[in-house]
Protein chains: 2
Amino acid sequence: METETLGALAEPTRMRIVELLRNGPLTVGEITNKLQIRQPQASKHLKVLNEAKIVDVHPVANRRFYKLRPQPLQEMDTWLSTFRSLWENQFDQLDEYLTKLQNQSNREE
Amino acid sequence: METETLGALAEPTRMRIVELLRNGPLTVGEITNKLQIRQPQASKHLKVLNEAKIVDVHPVANRRFYKLRPQPLQEMDTWLSTFRSLWENQFDQLDEYLTKLQNQSNREE
DNA sequence: TTACAGAATTCCTTTACAGGAATATTCTCA
DNA sequence: TGAGAATATTCCTGTAAAGGAATTCTGTAA
């Protein structure tokens with residue numbers, strides 16, 4: 001999967017934008033209002049998200065609606081799925097648990 | 001979920017380290033060799049991953065074994081699951097499909 | 001056409017971070 | 001204790017990226 005996707009999401013404001021768009025497309029102005037940021041910053045962040053193909057633009061008259069694209073997030077999900085055994089496997093969980101226990105007793109020495 | 005997790009992974013070398021560690025713990029030297037990078041860079045990247053709680057260290061004699069911690073990746077997975085309807089839902093897929101079709105016909109004009 | 005609203009771009013400054021090279025630290029074992 | 005292997009840290013430099021402010025672009029409606 002693309003590190004560009006992660007890089008684009010690794011910025012708090014952009015994370016919030018993506019979370020907003022989970023509920024459907026929004027215009028730049030709506031995003032600006034909901035996040036209480038300045039319009040140029042919103043546009044700049046949206047540009048980054050757009051270049052990372054995380055969002056699409058749909059102009060309607062004077063406005064531009066931004067909308068989530070499934071693909072990059074889906075690719076992240078697929079990539080993460082290759083790690084799922086780390087926490088779905090009982091033995092690994094037990095292992096982590098024992099490690100924590102051990103750390104605790106170490107601290108007591 | 002933490003943007004720190006995403007930031008740590010949004011660097012190609014660190015992604016590769018995490019992917020290596022999927023198969024089990026490795027020492028700094030092993031990572032250095034497998035990735036063909038310099039040892040200080042390996043240590044530096046591991047430090048970032050460690051501060052993001054993506055890896056744990058287990059000293060054994062002279063070496064330090066680095067091991068994946070499930071939690072941050074699991075949190076990413078949980079976060080992504082809130083977007084899963086974007087690509088699991090038939091209607092959304094159809095919507096994307098129609099959008100692509102429309103873009104194609106636009107290009108032909 | 002003009003004026004205006006919505007959105008994008010540019011310029012500037014500051015800060016964070018990556019790699020290279022050198023050096024320091026830590027642990028083991030003879 | 002001293003040497004050496006494994007790893008971490010420091011210093012330097014270049015670069016990318018974020019926010020603020022100002023400006024520009026674009027489409028709409030009168």
Side-chain angles (χ1 to χ4, degrees), chain A residues 2-21 24-69 72 102-103 106 109, chain B residues 2-21 24-69 72 106 109:
Chain A
E2 305 278 349
T3 57
E4 188 184 20
T5 305
L6 296 169
L9 294 174
E11 204 280 338
T13 304
R14 286 198 291 265
M15 267 267 299
R16 295 172 69 199
I17 290 177
V18 168
E19 287 173 345
L20 277 182
L21 293 180
L26 293 173
T27 66
V28 176
E30 289 169 328
I31 293 169
T32 298
N33 289 334
K34 298 207 187 206
L35 296 188
Q36 293 284 92
I37 59 181
R38 297 168 207 278
Q39 178 267 316
Q41 317 306 332
S43 285
K44 281 190 256 189
H45 285 308
L46 286 165
K47 183 178 188 177
V48 174
L49 290 172
N50 182 58
E51 283 169 353
K53 302 187 187 188
I54 293 175
V55 299
D56 254 355
V57 205
H58 298 277
V60 173
N62 226 1
R63 332 224 157 136
R64 314 192 92 209
F65 281 87
Y66 281 87
K67 184 187 171 196
L68 276 185
R69 287 193 61 240
Q102 191 177 359
N103 287 342
N106 285 345
E109 287 168 9
Chain B
E2 306 278 350
T3 58
E4 188 184 19
T5 305
L6 296 168
L9 294 173
E11 204 282 336
T13 304
R14 286 198 291 266
M15 267 266 299
R16 293 172 70 200
I17 290 178
V18 168
E19 287 172 346
L20 277 182
L21 293 180
L26 293 174
T27 66
V28 177
E30 290 170 328
I31 294 169
T32 298
N33 289 334
K34 298 206 185 206
L35 295 189
Q36 294 284 90
I37 59 182
R38 296 167 208 278
Q39 177 269 316
Q41 318 304 334
S43 286
K44 282 189 258 188
H45 283 308
L46 287 165
K47 183 178 187 177
V48 174
L49 291 172
N50 182 57
E51 283 169 353
K53 301 188 191 238
I54 293 175
V55 299
D56 255 354
V57 204
H58 298 278
V60 173
N62 226 2
R63 332 225 157 135
R64 314 192 93 212
F65 281 87
Y66 281 87
K67 184 187 172 196
L68 275 185
R69 287 192 63 240
N106 284 345
E109 287 168 6

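Proteins come first, then strands; the chains are lettered A, B, ... in the order of their sequence lines, and each starts at number 1. Model, not experiment: these values are computed from the prediction.
- The separation between A:Lys47 atom NZ and C:dG6 atom P is 22 Å, rounded to whole Å.
- Between B:Gln41 atom CD and C:dA22 atom C1' the separation is 12 Å, expressed in whole Å.
- For A:Leu21 against A:Tyr66, the heavy-atom pair with the smallest separation is CD2-O, 3.3 Å.
- When distances are taken from the side chain of B:Arg14 to each of C:dA18, C:dA21, D:dA21, the shortest belongs to C:dA18.
- Proximity of A:Lys47 to A:Ser43: side-chain heavy atoms (C-beta onward) are nowhere separated by under 4.5 Å.
- Here the P atom of nucleotide D:dA8 and the NE2 atom of B:His45 are 13 Å apart, to the nearest Å.
- D:dA17 atom P lies 12 Å from atom CD of A:Glu11, rounded to whole Å.
- Results of the side-chain contact (heavy atoms from CB on, under 4.5 Å) test with B:Val55 over B:Ile17, B:Leu49, B:Leu26 single out B:Leu49 as the only residue that passes.
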Could you walk me through whether B:Ile54 and B:Arg14 pass the side-chain contact (heavy atoms from CB on, under 4.5 Å) test, one step at a time? CA-CA 10 Å; B:Ile54 293 175; B:Arg14 286 198 291 266; over 6 Å; no
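- Among the heavy atoms of the strands, none lies under 4.0 Å from B:Pro59.
- The backbone N or O of A:Arg38 lies less than 3.5 Å from no partner atom in the side chain of A:Gln41, so there is not a single donor-acceptor pair.
- Near DNA chain D, meaning a heavy atom under 4.0 Å from it, residues 28-39 of chain B has B:Val28, B:Gly29, B:Gln39 in order of number.
- As judged by a 4.0 angstrom heavy-atom cut-off over every strand, B:Phe65 is placed among residues making no nucleic acid contact.
- Two residues, A:Val48 and A:Val60, neighbour DNA chain D, and the one matched to the more 5' nucleotide by heavy-atom proximity is A:Val48.
- Regarding B:Arg64, its CZ atom lies at a distance of 15 Å from the C1' atom of C:dT28, rounded to whole Å.
- Rounded to an integer number of Å, the gap from CG of B:Asn50 to P of D:dA8 is 9 Å.
- Although no hydrogens or angles enter the test, the distance criterion places a donor-acceptor pair under 3.5 Å between the side chain of B:Arg69 and the main chain of B:Lys53.
- Summarising the geometry, the separation between OH on A:Tyr66 and C1' on C:dA8 is reported as 8 Å, rounded to the nearest angstrom.
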Would B:Glu11 and B:Val48 satisfy side-chain contact (heavy atoms from CB on, under 4.5 Å), going step by step from the backbone distance to the final call? CA-CA 11 Å; B:Glu11 204 282 336; B:Val48 174; over 6 Å; no
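- The residue B:Lys44 sits close to a base: some heavy atom pair falls under 4.0 Å.
- In this structure, B:Asn62 places its CG atom 5 Å from C1' of C:dC27, rounding to the nearest Å.
- Not one side-chain nitrogen or oxygen of B:Arg63 sits closer than 4.0 Å to the OP1 or OP2 atom of D:dA5.
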